[in-house]
2 protein chains.
Amino acid sequence: MEGHDQIRSAGAHVPALRRAVAILDHVAASSDAPTLSGLARALGLPKSTAHGLVQAMEELGLLVRAADGSLRTGPHPLRWAGDFLARTDLVSVFRHAIAESRRFDRFTVTMTVLDGGEVVYIACSDASRPLDVTFRIGMRLPAPFTATGKALLAARPERDLDGLFAQGFPAPLTRYSVASLPALRRELVETRERGFSIDDGQIREGLFCLGATVGDHTGHAVAALALSLTRSEATPEVIATLGRSLVEAAADLSRRLGGG
Amino acid sequence: MEGHDQIRSAGAHVPALRRAVAILDHVAASSDAPTLSGLARALGLPKSTAHGLVQAMEELGLLVRAADGSLRTGPHPLRWAGDFLARTDLVSVFRHAIAESRRFDRFTVTMTVLDGGEVVYIACSDASRPLDVTFRIGMRLPAPFTATGKALLAARPERDLDGLFAQGFPAPLTRYSVASLPALRRELVETRERGFSIDDGQIREGLFCLGATVGDHTGHAVAALALSLTRSEATPEVIATLGRSLVEAAADLSRRLGGG
DNA sequence: CCCTATCGTTCAATATATTGAACGGATGGT
DNA sequence: ACCATCCGTTCAATATATTGAACGATAGGG
């Protein structure tokens, strides 16, 4: 179970906090609202321990309990997520540079940040309708398979990859998903050479995505943009042209964030 | 310090989690990124305890540490906030019913949920520009002073108010802010009679807001809308007309959520 | 240049959290 | 209607987290 090993790993501090995070992750990931006993079972927790945690989490606004006892994520993390988004100013900059400028009107453009070995979606400009940030906030996918994730991982020191995937490489989402850390390393070398990343059907077959990192005032990659098209549209000319445009757009966002 | 009493209250369980939440609240509320020693001091925690908590929170993606040691909120709560927003479907419904329909084009309309004794902003339609959800996500204000907060509190059982403000009534934001729980109760009686709430300069002088609750499929108030205008615009006729429209809009949202 | 103050970090002594066992209640099947 | 199963909850015995004292590093002021 996700996070389960993180709860129990040798030398891990503050187990109550780790368990609470695992509970929230589980509840957020569940399509059906779990009960206290159900999540205790799923996460391998004693019922009385889960009970104490859940009670505290309700008091803190982290979880909400329905009348039938089922549990849902509560409003309190909105405060932290809102601060995270406001602080980095990423979404505002995205809006100005991508969504409102109609720079890539024909394509879906998304922005993500890295969270461990996954990417989290924080902004989206959908070609078919107005800006739809909220739908995507918090959505996550394994970084190795996404264009933004590949761009962000390519910008990280090589040694970081061992730590990010020490507990196992994510299971492939399609038959094109990169299947191992060595194979991912080779892709990242290509990404650095090319200047932008490519996800060719690794998230969904037929979907072709380009990615480029956005740097902050220190130059560090803090987010990445991805542009999506269909595989049939992705001729070498189109890839080169859109890749260049995306890198320029990402550089534009970087400048707006105070980067070089 | 906010949350401080919550950490140490008699019978409080899971102190490590409460402390972690207090740390996140502090970091989210700080305009300057605090250091480990600074937040230990601010929250009355032993440095070694704060150190252990912060290290775990970094590992969990709850906090991010800059090169100079300063701390910021991390990306992980996005997952939970995103689930919370997606699950209730509130923002999507808001978008369709308010933002896209241009129902209240000349006014700012916001939507909040209750989190303890505060409201959290989850959507906003600003008269002067396109939908700007992300700017407001997580922003919070004391519920007693806001139009949405008054509407939500009016929909709660009377006895809940004692619990929500057991640890003290919030300090007024302006000279018009309601100053006590008994006075708030009287306002809520008026709110129920009128069918919508009024914030007359309690958040900011000169700002006049109307509020109405949005119910879910069970009929329970899960969010509230507020419409903002200036005090000079707020003649009795305008108040009556806009109040009615807001209640209708809120009922419309309720129907879209499966309510009566 | 030197000294003081504060930082982040470590670890064994001290303080406290966790949880197994048991309970009453609710639900569903026979 | 009754019984079995599972639920949420409680609490004292058991297991473990917390933290004071100390350290090396860093920064700023004299």
Side-chain angles (χ1 to χ4, degrees), chain A residues 1 3-24 26-27 30 32-60 62-74 163 218, chain B residues 1 3-24 26-27 30 32-60 62-74 163 218:
Chain A
M1 177 61 62
H4 197 354
D5 295 336
Q6 208 172 29
I7 296 169
R8 295 181 181 284
S9 65
H13 285 287
V14 211
L17 174 62
R18 293 176 193 276
R19 283 168 154 169
V21 167
I23 288 173
L24 272 166
H26 179 77
V27 171
S30 298
D32 301 317
T35 60
L36 188 146
S37 295
L39 74 79
R41 192 162 42 244
L43 299 179
L45 294 172
K47 272 203 302 174
S48 38
T49 304
H51 182 255
L53 285 164
V54 163
Q55 213 166 34
M57 290 166 81
E58 285 182 76
E59 287 174 44
L60 294 164
L62 302 180
L63 288 174
V64 172
R65 184 136 36 169
D68 68 350
S70 57
L71 296 160
R72 282 295 180 198
T73 45
T218 70
Chain B
M1 179 61 60
H4 197 355
D5 295 336
Q6 207 171 31
I7 297 170
R8 294 181 182 280
S9 65
H13 285 287
V14 211
L17 174 63
R18 294 176 191 276
R19 285 168 152 168
V21 168
I23 288 172
L24 271 165
H26 179 78
V27 171
S30 297
D32 301 317
T35 60
L36 189 145
S37 295
L39 73 78
R41 196 162 40 242
L43 299 177
L45 295 172
K47 275 204 297 173
S48 37
T49 304
H51 182 255
L53 285 163
V54 163
Q55 214 167 32
M57 290 166 82
E58 285 182 75
E59 285 174 47
L60 295 163
L62 301 180
L63 288 176
V64 173
R65 184 143 25 176
D68 68 350
S70 56
L71 295 159
R72 283 296 180 197
T73 46
T218 69

Expressed in angstrom and rounded to an integer, what is the separation of B:Lys47 atom NZ from D:dG20 atom P?
11 Å
If I compare all heavy atoms of A:Arg72 with all of A:Asp32, which pair ends up nearest, and what's the gap?
NH2-C, 3.8 Å
Does B:Thr49 make a side-chain N or O approach to OP1 or OP2 of D:dT18 shorter than 4.0 Å?
no
Walk me through it: do B:His13 and A:Glu59 pass the test side-chain contact (heavy atoms from CB on, under 4.5 Å)?
CA-CA 10 Å; B:His13 285 287; A:Glu59 287 174 44; over 6 Å; no
Of all heavy-atom pairs between A:Leu39 and A:Ala50, which one has the smallest distance, and what is that distance?
CD1-CB, 4.4 Å
Nearest to the side chain of A:Ser37 - D:dG8, C:dA17, D:dT10?
D:dG8
In whole angstrom, give the distance that lies between atom CG of A:Leu39 and atom P of D:dC6.
17 Å
Give a yes/no on whether any side-chain N or O of A:Arg41 is located under 4.0 angstrom from OP1 or OP2 of D:dG8.
no
Can you see if the side chain of A:His51 gets near the phosphate of D:dT9 - specifically, an N or O under 4.0 Å from OP1 or OP2?
yes
By nearest atom, which of the nucleotides C:dT9, D:dG20, D:dG8 is closest to the B:Pro46 side chain?
D:dG20
In whole angstroms, the gap separating P of D:dT9 from CG of A:Leu53 amounts to 13 Å
When the distance from NE2 of A:His13 to C1' of C:dT16 is rounded to whole Å, what number comes out?
17 Å
Below 4.0 angstrom from OP1 or OP2 of C:dA17, is there any side-chain N or O of A:Arg19?
no
Take atom CZ of A:Arg18 and atom C1' of C:dA17, then tell me their distance rounded to the nearest Å.
17 Å
Whole angstroms only, please: what is the CG-C1' distance between B:Leu43 and D:dT18?
16 Å
How many whole angstroms separate atom CD of A:Gln55 from atom P of C:dA17?
15 Å
How long is the gap from OG on A:Ser48 to CG on A:Leu36, to the nearest 0.5 Å?
9.5 Å
Which atom of B:Ala33 lies closest to which atom of B:Leu71, heavy atoms considered:
CB-O, 3.4 Å
Side-chain donor/acceptor contact of A:Ser48 with base of C:dG20 under 3.5 Å:
yes
C:dT18 C1' sits how many Å from A:Leu45 CG, rounded?
11 Å
